[in-house]
Amino acid sequence: MASSPDQPATMEELDHRTVPAWFLSFSAAMVPFCGFCYGHSRGVTTRVVERVVKSPVGVYGLFVLPFVTLAMEKSIYDTVQSWQGIDPNVIPKDRGGFPSGGAS
């Protein structure tokens, strides 16, 4: 994706979060995770798997679950980035690669 004049070229130009903005990212990650852990402790995971297996699609429905959960995670991530004023579609030149920087 090429950088246009109105798009930021560096991470410093893109990221204008305030100090408490980290709380949005933290909450967006931890609230669903804690809900999943609580539900798992109550047997929700087993009931979901049983319901999917007993549905008309059968065992093959289990192959869809990773894609559904990945889509949910991506939509939450993009929403939180937008709340913080960061356009998730912009890729600055100095962003780097994988979070470890190994892809650079």
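Note that these values count all heavy atoms, side chains included, but never hydrogens, waters or copies made by symmetry.
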**OP:** Give a yes or no on whether Phe36 and Met30 share a hydrophobic cluster (residues Ile, Leu, Val, Met, Phe, Trp, Tyr; joining criterion: side-chain heavy atoms under 4.5 Å apart).
**Re:** no
**OP:** Kindly determine whether Val44 and His40 satisfy side chain to side chain contact (heavy atoms under 4.5 Å, CB included), including the steps that lead there.
**Re:** CA-CA 5 Å; Val44 173; His40 186 67; over 6 Å; no
Original post:
If you group Ile, Leu, Val, Met, Phe, Trp and Tyr by side-chain heavy-atom gaps below 4.5 Å, do Val52 and Val59 land in one group?
Top reply: yes
Original post:
With sequence neighbours left out, what residues match Lys74 under salt bridge (Lys or Arg N to Asp or Glu O under 4.0 Å)?
Top reply: Asp78
Subject >> Sub-4.5 Å side-chain heavy-atom contact between Cys34 and Tyr38 >> reply: no
**OP:** Would you mind listing every salt bridge (Lys or Arg N to Asp or Glu O under 4.0 Å) that reaches into residues 41-50, with sequence neighbours excluded?
**Re:** none
**OP:** For Val49 and Leu62, work out which heavy atoms get closest and say how close.
**Re:** CG1-CD2, 4.1 Å
Original post:
Mind checking whether Leu65 and Val53 sit in one hydrophobic cluster, side chains of I, L, V, M, F, W, Y counted as touching below 4.5 Å?
Top reply: yes
**OP:** Find out if a path of hydrophobic residues (ILVMFWY) with successive side-chain heavy-atom gaps under 4.5 Å connects Val64 to Val48.
**Re:** no
